[in-house]
Amino acid sequence: MNETVTEAGRATRKKKSFLSKLYDFFSGYLLAVILLTFLLALTYFGTMAQVKMGLYEASEKYFESFFLVDKIGSVPVLLPGVYLVSALLFLNLTLGAIVRARKSWRRPGMLIAHSGILYILLAGFVAFHYTKEGNMLLYEPGVKIINKTDRSIMIPLPGGDKALQPESLEPEGFDVRLKALQHLPLKELVKSGNVKSIPLGDHQSDEIYSLLNWSIEVTKYNSDDEREFIHVIGPDQLSGSWKEGEARSFKHDDIPFLLKVSGYVKNIMNSKGQLPGLLSQKQIESDEYKKKNIRVVVGEGETKGYGINSVPTNKTMERNLPAAYFDIFTEIGIEYNSEFESNIAGKAILIEFGERIEKNRALYVFGENGFMRSHKDGKLVGESVGYSVDGLEVKFSAREEENVQAADKLEMRMLFASEDPKLGDEITIKDRNTSFAGKILKIDQEPNYSALLIGSSPPIPPRPFTFSVGGEKWSVDLTRHRYTLPFAIELENFQKEDHPGTMRAREYSSDVIKINTGRKVHISMNKPMRDAGYTLYQASWGPEGAGPNDRLYTSLAVSHNPADQWPKYGTYVIAIGMTIHFVQKLFSYLKRNNRSRRRKEDSQ
Amino acid sequence: MITLIKSLKLILLFTFTASLNFSAEAIESYKKWDAEIVEIFKAMPVQEEGRLKPVQTVARYKLMRINNSKRLSFEVKGEKIKVSATEWLLDCLFRPEVAKQLPIFKVNNPDVLEAIGVEPHKSPRERYSYKEISSVDGAMGKLEERSKELEAIINDPDKEEEGKKARRDPVNAGLLSLRSNLAEFFYTLNAFNFARNGIAVDLGEASEDFKKAEGGRSRVSYFLSEFDKVIDLARNSDQRDFIDLISNGLNDLNNVMRVAGVKDNISSIGLAMFPPMSNNDEEWIKPGYLIDQLSFRKNELSVQDQKKFAQWALPKVQILERLTRNVESPSFATDLRALSDEIVSKAKERGEYKNIELELLNNRLGLFHWALPFYIMAFILLALTWLGQGTKVSKFLTYGVIAMTVFATIALIAGICFRSVLLGRPPISTLYETIPFITGTAVILCLIIEFFDRKGIALACSTMIGIIGLFLAFRFEIKEARDTLKVLEAVLRSNFWLATHVIAINIGYAAAILGGVIAHLYIFSSFFNIGSKDFRKSVTRMVYGVTCFGLLFALVGTVLGGVWANDSWGRFWGWDPKENGALMICIGALILLHARMGGYIKELGINVIAVLILMITVFSWWHVNQLETGLHSYGFTSGIMFWLFIVYAIESAVITMGISCSIFRVPERKARLAAYRLSLSDLFPLAFFLLAFIFTIVFVNLAKISTG
């Protein structure tokens, strides 16, 4: 406490500059106490909130946020999130406990302990931002090999190409997985023998799936019915809240159709594993759901005649099963009308969709299937197809340009990307000097294919919706977001042992082989496998309630965390620092105590 | 001394376990079991919940689930009779008619009984016998019907809220609990029915081939030994009656077999009392399984194996038949001994019996039960020393207090070690085990503090903590009524982590609780203006020291927990409630230390925050397990909420007292009595108002929770 007195004393003697006052504040005990108090309160609120919200949502709200609004009683209060508090605490610790603190070799304890805490906070930051995790599911080796066409992966041979290194793990939305593959001259590599394509059994795997995130996989097949490439519409593009009736459309250069996803619901499953969110046509037409106006899929596929309705999400996020309607448009038409001015000149026009679209100007692109028709007094005066596209500029032929100028109504057909056109949307067409605006009057295209897809989650094999466009086979699927590992794992043996006479697991473990190096590892509870920056843990097994003759699978949790072992070292540092400090304090207290006792005895 | 301990124990049992119970409809006579029989029976090994244990342990927890106590007492013609759990189990298995009359069912809520049409006793403490409940027309049916309805609501995933509400309703909870107790009793009662009554088919009547049959019924062993022949005859017979007879017999066999317990790994029906035939098997065998394998599952084995199995299994069925049919004869004891010798020698051969002997010793010693009366005596002696402070007598008595506390603590530690050795793992792995450990740690810490600072403050705390901790342990054991020696889930089976993370965190809990308890002394002293400044300074120093010690262990323990989690499922920190609880203790202690360093709090502040940390520790230790969420779900318990809120209310009151001290500091007077009056009269109305306010808030919340 002496320190404080002197500090306070000094403060009154000298007038401090604003900056040094700021420094004092950020390195001071006051901020430490305030931050710790916030941390205490937030941890408490976050813990209690888990009862209602579940761990995942509560963590997101309280522990991963900068700010949050919480109701205390019925009064909304703005609170800092644990992320912000931790960041400030890191600053406070660095300035106060490391930079500003007195450094004495005789009292090193606190410096050491605080460094340990800083290290752990840093580890938390790195882990939060850079961890990738998922699960891998491997069946016990058996005769059953999954259909070759269903899954096959590229395994780099030892010393071979590095194309499948962790870059392919980037969990960014569109077009991630196998992007690396796509840009590889795949067939040449196969020929030169650097990469071998082998069929995988269900006891082998090179991929992990996320327990929380979902993605859409758009797959193209070659003439041998093998997967040529997969485009992934990642969790980022599916996340956020889906308003009722909201649709999101996706388009990519390599894909000759537009995919419209609508009616996405986060969950259709209840805690018993039933699907109350999947409704038959009869249910939808019943009084209970009539008002909701639920869409029934008329297209093809297994879910024909069904519709979906949102079910409250399970608190355990992994147990939620999403579903959505998928519409595939191979061609889109828009009829466009405007109060036409005839003085338009110029060779190019720029298409914009008003302010709303400003940010996404590139979304509407004329493609091969697009055309433009000019009308005057209800008569077709010109038609143009196959014009070249260069960014946003669409060039007309000289003849068409005249027609455009003379027209009082334009009709356009175009392919477009991820904005869904709606009736009444305003469109502005610009040339260098002038612009004209109009509204979408008609969207005349029905989807070519429609399907209702339910999320497919291992161990249930995926059941994608397949269709053909231009004679080529394609499929779309709603799956748990998958990452490819830089290596493949084979399950050699899985053991499960219960306590005698009970269903309580005493031990379960997996013997696995890393395929490309032949490394054999025994993974058991509390004893993970660490390899190439990845850690594989024995997480669980299945199927639930399996009998003695059922084929079991092992579920390995896989994580890639650069700060994996940091907290362990941090703990040692903290333990050493605190022990030194408190032992020193104890001894000095005992010394003082003895002295005062002796003094007392002397005086007596 | 022994009498004193016994009488104290009696008082305790009376007050806290409410085990002294009398039935309104006393049974007419009760013949005690021969001591030799009881001795043999209680030491027989049985496998239950994945662990081999003596029958005594099984019987104790079975009875505890139904009766809320490890023993049974009732009156027969004015004479009080005490029956141990082992004797009660003997009654159930071998004298079911007697067992049905024993008053064992505890029903606290008279509405539960009224709901099924049974007239409640006058005193809620009185137990009900099986006969009493089952003899009321339609009572069992009503109970079954109501329970089924309730279960349907509770298990419906679409009616989560409704289910929660239904479960919280005291009458519903009482009904479900009564039903489950009755079911457990029923299955125990009828476990040996197959041996006692045989099955309702007279083979002799059916065919000339079966000479040994007895009027109207067959012994199961005989039916099983002739099983192939019977089935063959039935198959080739064209007599409808004969086929009906045999199929009825098979139905009957199936029923008695199910009650005797088959191999299904799920239900707790039946006693797994026979060591398996093969030494490679770990799972012990229930009698029903013998029947199953000799009849319905016979064809799963080769003909040779069938013979081998029959040779092994039939004598076991026969010995049970002999036992159940000759309960009153002197051969009962000999037969039981023969059976026990066979099982025990096999268990010894398998290397499984050593722990049974150890567990019997543990049961007999009841070390935790010894510790409690000593803590109580120590506390009483300590109170006596306060009366004559400074005198020689008081000094002498203080030694007595220390001796008793040390003795009690040694008993406590020995008990913990016993359990550790029995299970072959570090001392803590279940919620129950944390209680004696934390109690022991806190008491030892107190004794260490007392060694340095000989003012008797820590000593007083040690006895208090000892008493409260052990009471908690006993109450928890009764509440759970499950064997506290448990086998562990795969993830917990790591002696390294159990020995480091779990122990560190529990030492942290112990220190945090101790700090809070000591801080009470400061707040009371300040509030009521008792005790010197020196005393308060000492107390504060202790609180500070203990908090530092606790922080070291809590922080290291918490982070080690993260490291463990990282090794078992790849996540250092998952914001799981239990993790958060531990983190909150650390943060609380950090706030205390940093606020003190910054000069924002002085003595009073340190003590008030220490009490707050105590509350956080209670939250983390008990409350989070009530939240029914998260990974650390090893300790879901119900009905603890009420006591938690009591603790919160009291501690909030203490904190309010502390804060009020800082607002209304009364100048200290030299004449303590005068100041005492003054401070009390000054503060009382305000403190009363504040306390009333806090209590109101807490109880309104409590009421909200209990009514859903």
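Just so we're on the same page: letters track the sequence lines, and every chain starts at 1.
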- Note on the structure: Applying side chain to side chain donor-acceptor pair (under 3.5 Å) to A:Asn270 and not counting sequence neighbours gives A:Gln274

- Query: Is the closest side-chain heavy-atom distance between B:Pro577 and A:Gln50 below 4.5 Å?
  - Reply: yes

- Message: Suppose we call two aromatic rings close when their centres sit under 6.0 Å apart. Are B:Phe619 and A:Tyr44 close by that rule?
- Response: yes

- Bottom line for A:Glu133: the part with an atom under 4.5 Å from chain B's heavy atoms is side chain

- So, do B:Trp575 and A:Val82 sit near enough that their side-chain heavy atoms are less than 4.5 Å apart? yes

- Query: Hey, does A:Phe582 have a side-chain heavy atom less than 4.5 Å from the side chain of B:Phe549?
  - Reply: no

- Query: Does B:Asn580 reach the side chain of A:Tyr62, with side-chain heavy atoms less than 4.5 Å apart?
  - Reply: no

- Query: Distance only, no hydrogens: is a donor on one side chain within 3.5 Å (strictly under) of an acceptor on the other, for A:Asn526 and B:Trp497?
  - Reply: no

- Determine whether B:His594 and A:Leu36 make a side-chain contact, defined as any pair of heavy atoms from C-beta on separated by less than 4.5 Å. yes

- chain B contact via A:Thr535 - which portion, at a heavy-atom distance below 4.5 Å: neither

- Taking the side chain as every heavy atom from C-beta outward, state whether B:Glu282 and A:Arg506 have any pair of such atoms under 4.5 Å apart. yes

- Message: With a 4.5 angstrom heavy-atom cut-off, is it the side chain or the backbone of A:Ser524 that approaches chain B, or both, or neither?
- Response: neither

- Task: Grab the two heavy atoms, one from A:Pro567 and one from B:Phe572, that are nearest each other, plus how far apart they are.
- Result: CB-CE1, 3.1 Å

- Query: Looking at B:Ile616, B:Asp281, B:Leu488, which makes the most heavy-atom pairs under 4.5 Å with chain A?
  - Reply: B:Leu488

- For the candidates B:Val563, B:Val556, B:Asp567, which exhibits the highest count of non-hydrogen atom pairs separated by less than 4.5 Å from chain A? B:Asp567

- Checking B:Tyr289 against chain A: side chain, backbone, both or neither under 4.5 Å from a heavy atom? neither

- Message: Check this for me: A:Tyr130, atom OH, are more than 12 non-hydrogen atoms of other residues, nucleotides or ligands nearer than 6.0 Å?
- Response: no

- Under the ring-ring contact (aromatic ring centres under 6.0 Å, His included) rule, collect the residues that match up with A:Phe125, sequence neighbours excluded. A:His129

- Query: If you count heavy-atom pairs under 4.5 Å with chain B, which of A:Val558, A:Leu556, A:Asn594, A:Leu40 comes out on top?
  - Reply: A:Leu40

- Query: Is there a side-chain contact between A:Tyr537 and B:Arg571, using heavy atoms and a 4.5 Å cut-off?
  - Reply: no

- Item | Close side-chain approach of A:Met525 and B:Ser494, heavy atoms under 4.5 Å | no

